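Written out below as structure tokens is the structure these notes cover.
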Amino acid sequence: MNYPSLVWHLKRTELFADLELNELERVAASTPYRSYQPGEVVYRMDDPADALYFVRSGLIKISKLFPNGKEAILGVVGQHDTFGELLLQPEERRPTQAEALERTTLIVLPRNELQKLLNTKPDLAMKLIRLMAARLFEAQAWSAEVSAYSAPERVASLLYRLAREFGKPHAQGVELHLKLNQEDIARMVGATRETVSHSLGKLRQEGGIVRARTPIVVDMQALRDYLEKGS
């Protein structure tokens, strides 16, 4: 097994951080790695909800597809994050699609193995419930922002959240290496690509975006100030 080990990665996930080493080793014994190329689908809408996923490396896009062909991007999941946990009953189907944004390695915990853990670890069950509740709260908060914010404000809020979660310090602010194009951002904020292009230009003028080309550099304080004063 490549270093760092599977146990090392599991220990750094929010869900399994409190498990003992021997417990993590038992989980690791039934938990394979799977690798995905950019654009490769992990699961599609209506697939069986048969596993819980942990991101060892890379990025995953969670989205919902509609009959008219449109896509709404619900979020991006990065290293040590968990996804696929909302529906894990045998009869349930996935309400979303998960797709790799870049080369990604996932740790896959089958549903039956997770169920064994939950049956013997009440604390783990409570942690999973808290994780699901936090995801629901985030989704509700973003839905409220879509209703209350203008398009430039939604883009500013999105960049702020992504930079806070995935950004790295830069001499001019925070550098964001996510491979998201303007169409992806549009699908995340509920706008057209043209509107996103205009919004990015506006944020550049306001100082929220320091460098517009990839990897983008943002000024976190300027983004906050822009959201507080309104567009």
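Please read all numbers here as calculations on a predicted model, not as lab measurements.
The minimum heavy-atom distance between M220 and R164, with the atom names listed, is CE-N, 3.8 Å. Nearest heavy-atom pair across V196 and Q182 is CG1-O, 4.0 Å. Here the closest heavy-atom approach between residue A212 and residue R204 is recorded as CB-NH1, 3.6 Å. Listed here is the closest heavy atom pair of L227 and A156: CD2-CB, 4.0 Å. Closest approach of A222 to G207, counting heavy atoms only: CB-O, 3.5 Å. Closest approach of A151 and S199 over heavy atoms only: C-OG, 3.7 Å.
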task = Dump the intermediate steps for side-chain contact (heavy atoms from CB on, under 4.5 Å) on Y36 and L106, then the final yes or no.
result = CA-CA 8 Å; Y36 297 84; L106 300 179; 3.5 Å; yes

key: Residue pair L159, L223: steps toward the side-chain contact (heavy atoms from CB on, under 4.5 Å) verdict   = CA-CA 8 Å; L159 291 177; L223 289 176; 4.2 Å; yes

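Side-chain contact between L101 and V76: present, with at least one pair of heavy atoms (C-beta onward) separated by less than 4.5 Å. Counting only heavy atoms from C-beta outward, the side chains of K229 and E153 never approach each other to under 4.5 Å. Residues R213 and R211 have side chains in contact (heavy-atom distance under 4.5 Å, counting atoms from C-beta outward). Residues T105 and F54 form no side-chain contact, since every pair of their non-hydrogen atoms from C-beta on lies 4.5 Å or further apart. At least one side-chain heavy atom of F83 sits under 4.5 Å from a side-chain heavy atom of V55. Residues D47 and Q97 have side chains not in contact (no heavy-atom distance under 4.5 Å, counting atoms from C-beta outward). Side chains of V174 and K168 form no contact here, defined as non-hydrogen atoms less than 4.5 Å apart. Between E113 and P110 there is a side-chain heavy-atom pair separated by less than 4.5 Å.
Hydrophobic cluster membership differs between V217 and L200, with clusters built from Ile, Leu, Val, Met, Phe, Trp and Tyr side chains linked at under 4.5 angstrom. Tracing side-chain contacts under 4.5 Å through hydrophobic residues (I, L, V, M, F, W, Y), one reaches L52 starting from L124; they form part of the same cluster. A continuous path of ILVMFWY side-chain contacts below 4.5 Å connects I209 to F166, so both sit in one hydrophobic cluster. One hydrophobic cluster, built from ILVMFWY side chains closer than 4.5 Å, cannot hold both I73 and V41; they sit in different ones.
Between the side chain of S57 and the main chain of T104, no donor-acceptor pair closer than 3.5 Å is present. In this structure, the side chain of R56 does not engage the main chain of I107 through any donor-acceptor pair within 3.5 Å. A donor-acceptor pair is defined here as one N or O able to donate and one able to accept, closer than 3.5 Å; such a pair exists between the side chain of K64 and the backbone of P95. A donor-acceptor contact shorter than 3.5 Å is absent between the side chain of D81 and the backbone of V77. Of the possible polar contacts, none joining the E228 side chain to the D225 backbone as a donor-acceptor pair under 3.5 Å is found.
Remark: K121 NZ is loosely packed, at most 12 non-hydrogen atoms of other residues, nucleotides or ligands lying under 6.0 Å away.
A cation-pi arrangement, defined by a distance under 6.0 Å to the six-membered ring centre and an angle within 45 degrees of its axis, is absent between R224 and Y160. Both the sub-6.0 Å distance and the 45° axial angle are satisfied by R94 relative to the ring of Y43.
Shown here are the side-chain contact (heavy atoms from CB on, under 4.5 Å) partners of Q205, two or more places apart in sequence or in another chain: there are none. Considering only residues two or more places apart in sequence or on other chains, H80 meets the ring-ring contact (aromatic ring centres under 6.0 Å, His included) condition with H9.
A salt bridge between R187 and E183 is present, with a side-chain N of the basic residue lying under 4.0 Å from a carboxylate O of the acidic one. The residues E40 and R103 are annotated as not salt-bridged, no charged nitrogen and carboxylate oxygen being separated by less than 4.0 angstrom.
For the atom pair CG of N181 and CZ of R193, the computed distance is 9.0 Å after rounding to the nearest 0.5 Å. Taken from CG in L24 to CZ in F16, the straight-line distance is 7.5 Å, to the nearest 0.5 Å. Atoms CD1 and CZ, from I185 and R154 in turn, are 13.0 Å apart once rounded to the nearest 0.5 Å. Interatomic distance, L19 CG to L117 CG, rounded to the nearest 0.5 Å: 7.0 Å. Rounded to the nearest 0.5 angstrom, K202 NZ and T195 OG1 are separated by 13.0 Å. Atoms NE2 and CG, from H177 and L59 in turn, are 11.5 Å apart once rounded to the nearest 0.5 Å.
Side-chain contact of S63 with E71: a donor-acceptor pair under 3.5 Å is present, judged by distance alone.
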